[in-house]
Number of protein chains: 2
Amino acid sequence: MSSPIPNTEEELLAKASSLYGKRIGEIADALNLCVPPNQKNKKGFVGELIELSLGGYKRNKNLPLPDFENLGIELKTIPVIDGRPTESTHVCSAALKRSAGEHWKNSRVFRKLEKVLWVPIQADPRIELSQRVVGRSFIWSPSTEDEKILRSDWEEHVELITLGRFAELHGERGEYLQIRPKGRNSNSKGLSTSELGESAITQSRGFYLRKSFTAKILKYACLL
Amino acid sequence: MSSPIPNTEEELLAKASSLYGKRIGEIADALNLCVPPNQKNKKGFVGELIELSLGGYKRNKNLPLPDFENLGIELKTIPVIDGRPTESTHVCSAALKRSAGEHWKNSRVFRKLEKVLWVPIQADPRIELSQRVVGRSFIWSPSTEDEKILRSDWEEHVELITLGRFAELHGERGEYLQIRPKGRNSNSKGLSTSELGESAITQSRGFYLRKSFTAKILKYACLL
DNA sequence: TCGGATCCACACCTGGATCCCG
DNA sequence: CGGGATCCAGGTGTGGATCCGA
């Protein structure tokens, strides 16, 4: 049904590269999957398709571990038109229950972004989903300067969470990394705790990379 | 579909008392619910039926709050034959992820048992479920001595959890309060952490009141 | 008998993302 | 355009308990 787990970074990248130019429909056929007519009710379809195709078995679903744990690599598909991302990129959910003493280096955000396999996917809405093609994949890690800004953004968000100032958590904060609502819908609430240990019911949220940042990543990759 | 939320303890008790002598089938009819032929695949049916019937909307489902939060009262149905319970009584799940500094007075066990509305249910297996009748409900709180023993049992269990000695958590410990497996099945595992922050995968467990203890509660109530 | 095993419901949480209105 | 809203899958956790084999 799906491919074996790649054992090395080179193997994973080679597999991803072999998808270059292939259509979503072809890749789905090979796995005996049907392509939905559109992504409205199957928003995660392409991401899961590519992960299956590369041998990611979803073994680490719901765990704060990279998709390819043995390699320490996270897979991200990214919708692209003319070399530019059309959407921001979800990183992970934001834990509003504060566990004291979280640091950048062991945060979920850092662990997800430490090493990423980016797989660009054609996103032109005029093209039927099954006919869209896969672009050139590449492995990326944040530069020292990228990491500095990501960390600074992260710390700004986390501070607000720690202080229980949830109302100030909105999408306008953060240069590269923003925080936005995330959940089943706007009624999707979760239990949160402030620094004082008070409990509250708060809208669930997630961390996202801004398009402006992922655009930089894609552009740099093209120059390689 | 279901009754309004009772506003006072008296109102709640009066409602529960009005169920005295009624059959499960009658109560279910009034809520347009069907009674399953047996409880094997609907083990929680009676408990949920009575809760609905008393105006507990399940608002606090999955939260560590009493069923009737406004009154601080937890509802427990208890299967009875000849005035004696036929089963032990589930209290709450046992958190195997240790949060340091948990105390008896703010433990889930204490908060669940601080004040309980007991609703006895006829449990004779020779009588069809829909024909079984509701007994005399009563509100109970642990006596000083009860609480002393419950607390001592609780502390014994919690100490083992804190020390990560999960293998020693078995059903024979505890005079009134025992700890037993609880979950989908014996493969139902969860992440646990010891005091030292070690992680482990452990069988999920729950706290239960022994039959011998609930028998005492029922007997005392009959003398009132 | 009773300690271990099991059964259902359902909200929550995380991971996969894209949709859509002002 | 971008921040807020939404959609699916599926594991986990809690609450409601009773079943069952040695």
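Numbers restart at 1 for each chain; the letters A, B, ... are given by sequence-line order, proteins then strands.
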Q) Over how many whole Å does the gap from H90(B) atom NE2 to dT6(C) atom C1' extend? A) 13 Å
Q: With L19(A) as reference, evaluate V133(A), V119(A), L54(A), I121(A) under the side-chain contact (heavy atoms from CB on, under 4.5 Å) test and give the passing residue.
A: L54(A)
Q.
Taking any heavy-atom pair under 4.0 Å as a contact, classify E87(B): base, sugar-phosphate, or nothing.
A. base
Q. Starting at CG of L49(B) and ending at P of dC8(C), how long is that distance when rounded to a whole Å?
A. 19 Å
Q) Taking CD from E48(B) and P from dC8(C), how many angstroms apart are they, rounded to a whole number? A) 12 Å
Q | Value in whole Å for how far the P atom of dA17(D) lies from CG of L209(B) | A | 12 Å
Q: Report which part of the nucleic acid Y208(A) touches: base, sugar-phosphate, or nothing (heavy-atom distance under 4.0 Å, all strands).
A: base
Q | K182(A) NZ to dA5(D) C1', straight-line distance once rounded to whole Å | A | 11 Å
(Q) With nearest nucleotide decided by heavy atoms, which residue, N38(B) or V91(B), maps closer to the 5′ end of DNA chain D? (A) V91(B)
Q) Expressed in angstrom and rounded to an integer, what is the separation of Q203(A) atom CD from dT6(D) atom P? A) 9 Å
Q. At under 4.0 Å between heavy atoms, what does S88(B) touch on the DNA or RNA strands: base, sugar-phosphate, or nothing?
A. base
Q. Once you round it to whole Å, what is the distance between P of dG3(D) and OH of Y176(A)?
A. 16 Å
Q: Would you mind classifying the nucleic acid contact of G183(A) as base, sugar-phosphate or nothing, using non-hydrogen atoms under 4.0 angstrom?
A: base
Q. L49(A) and V35(A): side-chain contact (heavy atoms from CB on, under 4.5 Å), yes or no, with the steps?
A. CA-CA 9 Å; L49(A) 174 66; V35(A) 180; 5.8 Å; no
Q. What about K112(B), does its side chain sit under 3.5 Å from the base of dG15(D) through a donor-acceptor pair?
A. no
Q.
Would you say CZ of R184(A) has more than 12 non-hydrogen atoms from neighbouring residues, nucleotides or ligands within 6.0 angstrom?
A. no
**Q.** hbond_proxy K42(B) side chain to dT18(D) base (donor-acceptor, 3.5 Å cutoff)
**A.** no
Q) Given dC10(C), dC19(C), dT18(D), which nucleotide is nearest the side-chain atoms of R184(B)? A) dC10(C)
(Q) Mind checking if G44(B) touches a base, just sugar-phosphate, or nothing, with heavy atoms under 4.0 Å? (A) base
Q) When you look at CD of E159(B), are more than 12 heavy atoms from neighbouring residues, nucleotides or ligands closer to it than 6.0 Å? A) no
Q | Interatomic distance, I24(A) CD1 vs dG16(C) C1' [rounded to whole Å] | A | 14 Å
